[in-house]
Amino acid sequence: MATLDLAGIRKSFGPVEVLHGVDLAVRDGEMIVIVGASGCGKSTLLRIVAGLERPSGGRVVIGGRDVTALEPAERDIAMVFQNYALYPHMTVAQNMGYGLRIRGLPRAEIARRVGEAAALLGIEALLDRRPRQLSGGQRQRVAMGRAIVREPKLFLFDEPLSNLDAKLRVQMRAEIRRLQKRLGVTSLFVTHDQVEAMTLGDRLVVMHQGHAAQVATPMEVFERPADTYVAGFIGSPAMNVLAGRLAEGGRAVALAAGPVIRFADGPRPGAEGEPLTIGIRPEHLRPDPAGLPLALELVEPLGSETVLHGRLPGGEALVVKLAGAAPREGVLPIALPPEALHVFQAGSGKRLDPAPPA
Amino acid sequence: MERKTVFEGKLLPCLLVAPQLLVTILFFFWPAGQAVWFAFLRQDAFGIRTSFVGLENFQDLFADPLYLETLRNTLVFAAGVSLIALTVALLLAVMADRQIRGAGLYRILLVWPYAIAPAVAAVLWIFLFHPQIGLLGRALNEAGLPFDYKLNGTQAMLVVILAAAWKQVSYNFIFFLAGLQSIPKSVLEAAAIDGARPAYRFWTVTFPLLSPTTFFLLVVNLVYAFFETFGVIDALTKGGPARATETLIYRAYIDGRVNLDLGMSSAQSVVLMLVVILLTAVQFRFIERRVHY
Ligand SMILES: Nc1ncnc2c1ncn2[C@@H]1O[C@H](COP(=O)(O)OP(=O)(O)O)[C@@H](O)[C@H]1O
Ligand SMILES: [Mg+2]
């Protein structure tokens, strides 16, 4: 068990820089989920922590020790791969005991620890089988077991659930979380699935094109996204974005779609007429006879809720999620509650919070 | 989906396979059958009378200490060739696998020996090992190490083993490289994270995962050493000095073509045929049962 500190991690493959300086401080026993679209550099970051890739810049510090120059073998970490990467020619027991054998533990001790881990994962009956005789879920457990028996300082997971079917994925997700809490091992978990990220992480790192766009708890990321990318990435259906300009000396936004809405939480700094991006989640919109007319284009009834796709006057698309049933077509007046607005600078996409009271 | 073309009638399909069958029968089954038949015959010294002698040729063969000597030579030769060809090829393949980007030229250079005719290859080795004109041979002699593979049997054996192995390295290399590249990278990375150093990783993960390839190549190399090295030996040592490099295949040729003892030569051919059938059978048995990782 240990802390993990990443300072200014950069990585280039040839002329292409894929990580542009990532900083992260992970507390002892914390579960950090690195989430982002495919190709944003999640795996690369994880592999740098593992020592499988050398960073082009920056430092990796595990438990206070700078391991940047060390081989994977010297870092005392364990990793669960997406394709499990079990040793095909070894039995489950040998797979799990491989790392212990390298450390020169006595045979009896290896057997005891493998047995314990197998019991924890419910795979005692599989110990004599070979990987190709196992189902996907069982392989997943063995890969977990191989990580657990070593009692490493750090667990690294690279999309370990993405090869499982939907039902098993939910089950294994809960199991990994339970196990991680129980063992208290500091963990990094990479995924592109926002539901996995929200349910698993103590904190999330939302990655975007080689940057850490936001590092925060799941609720914080959801309630106060740091920029328009994070806002659009977390939440389903995605947050609506509308164009607007700063008005009334910073106290309101004049939406391109028409109305001027006063900020519920105070005035924003900036020049009058500065372009803004306004975000609002589909579930925070509600029908209101005095609202904006939304011309419906597509209605998706999902049983307990309904998702409406439509256009505002001016042509901007808007998605609304309503509880219960809704009209199938026509025009529905929609209110934008001021307290649900997220305000971003239009150019940088950064969140624009109210100016602190002077 | 695989599509099967179906021919009407029987005549056309028969006609289409006929050339292939004809060649096989004419150049393989016919001489092979003849050899089996000759193995049970004996001719007098002038080739005038031929009589059926049953298994006598085989009895004579295995009672002949020189034949047993040849058998021993063959085993040493085959073991040497296979061991060297496999080890060197594996080493080169591991190196190529690490640096696969620059491997294009490397691979072409390595595959070359396979395309060179045995006699031409042998000339290259003569230029290398000949005690007077050979690069290495002369250097050894000048350095005070007496080297003459035309006089020293052990040295002769070493030279033919090296020459024969060199030709087989390319073939082995291709298969080893393909085998190495089919091992998932993440498995080796998992081993690295588990704490395995490169050498340990090689012996506990890479090598076991290569074992189907290795076994396949071992059989191929043995068959090569037993049956396809006539050219190398003929060009380099002609079985000498004092029969030190005479292998089964070379002796069968000498007895048949030079000594004109068709009965003995045929009996030897039959023994060789049995060996090849045995090796092939082992191969097939193994491939059927072989573990697919
Ligand atoms: N070994 C490599 N060589 C060159 N480019 C690479 C290599 N590994 C990853 N990349 C590139 O780096 C970027 C990030 O990759 P990766 O970390 O695997 O993304 P993610 O795991 O978030 O999907 C991608 O554009 C990918 O093409
Ligand atoms: Mg990835």
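Here is the naming used below: chain letters follow the sequence lines, and residue numbers restart at 1 for every chain.
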Using only atom types and a distance under 3.5 Å, with no angle test, would you say the side chain of A:Gln94 pairs donor to acceptor with the backbone of A:Thr91?
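The answer is yes, because a donor-acceptor pair under 3.5 Å joins these two groups.
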Review item, side-chain donor-acceptor pairs of residues 155-164 of chain B, under 3.5 Å, at least two apart:
{"from": "B:Gln155", "atom 1": "OE1", "to": "B:Asp148", "atom 2": "N", "distance (Å)": "2.8"}
{"from": "B:Gln155", "atom 1": "NE2", "to": "B:Pro146", "atom 2": "O", "distance (Å)": "3.1"}

Does this structure show an ion pair linking A:Glu116 with A:Arg113, if we count only N-O contacts that are shorter than 4.0 Å?
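Salt bridge: no.
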Got a donor-acceptor contact below 3.5 angstrom from the A:Asp5 side chain to the A:Ala25 backbone?
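The answer is no, because no donor-acceptor pair under 3.5 Å joins these two groups.
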Considering heavy atoms only, which positions within residues 67-81 of chain A lie below 4.5 Å of chain B?
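The residues closer than 4.5 Å to chain B, in numerical order, are A:Pro72, A:Ala73, A:Glu74, A:Ile77, A:Ala78, A:Met79, A:Phe81.
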Could you tell me which residues in residues 192-204 of chain B have at least one non-hydrogen atom under 4.5 Å from a non-hydrogen atom of chain A, sorted by residue number?
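B:Ala192, B:Ile193, B:Asp194, B:Gly195, B:Ala196, B:Arg197, B:Tyr200, B:Arg201, B:Thr204 fall under the 4.5 Å cut-off.
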With chain B, which of A:Arg150, A:Arg103, A:Arg47 has the greatest number of heavy-atom pairs at distances under 4.5 Å?
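The answer is A:Arg150.
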Consider salt bridge (Lys or Arg N to Asp or Glu O under 4.0 Å). Of A:Arg169, A:Arg182, A:Lys181, A:Arg141, which one does A:Glu175 pass it with?
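Checked A:Arg169, A:Arg182, A:Lys181, A:Arg141 against A:Glu175; only one passes salt bridge (Lys or Arg N to Asp or Glu O under 4.0 Å): A:Arg141.
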Within 45° of the six-membered ring axis of A:Tyr87 and under 6.0 Å from that ring's centre, is NZ or CZ of A:Arg146 located there?
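Satisfied, under 6.0 Å and within 45°.
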Name the one of A:Val190, A:Ile34, A:Thr44 that satisfies side chain to side chain contact (heavy atoms under 4.5 Å, CB included) with A:Met207?
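That would be A:Ile34.
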Enter the distance from A:Ser12:OG to A:His20:NE2 here, rounded to the nearest 0.5 Å.
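A:Ser12 atom OG to A:His20 atom NE2 measures 8.5 Å (nearest 0.5 Å).
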Heavy-atom proximity to chain B below 4.5 Å, by part of A:Leu156:
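Neither the backbone nor the side chain of A:Leu156 comes within 4.5 Å of chain B.
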Hey, could you give me each pair passing ring-ring contact (aromatic ring centres under 6.0 Å, His included) that has a residue in residues 110-163 of chain A? Not counting sequence neighbours.
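Sorted result for residues 110-163 of chain A: A:Phe155-A:Phe157, A:Phe157-A:Phe189.
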Per the side chain to side chain contact (heavy atoms under 4.5 Å, CB included) rule, which among B:Val76, B:Thr74, B:Thr70, B:Leu68 passes with B:Arg72?
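With B:Arg72 as partner, B:Val76, B:Thr74, B:Thr70, B:Leu68 yield a single side chain to side chain contact (heavy atoms under 4.5 Å, CB included), made by B:Val76.
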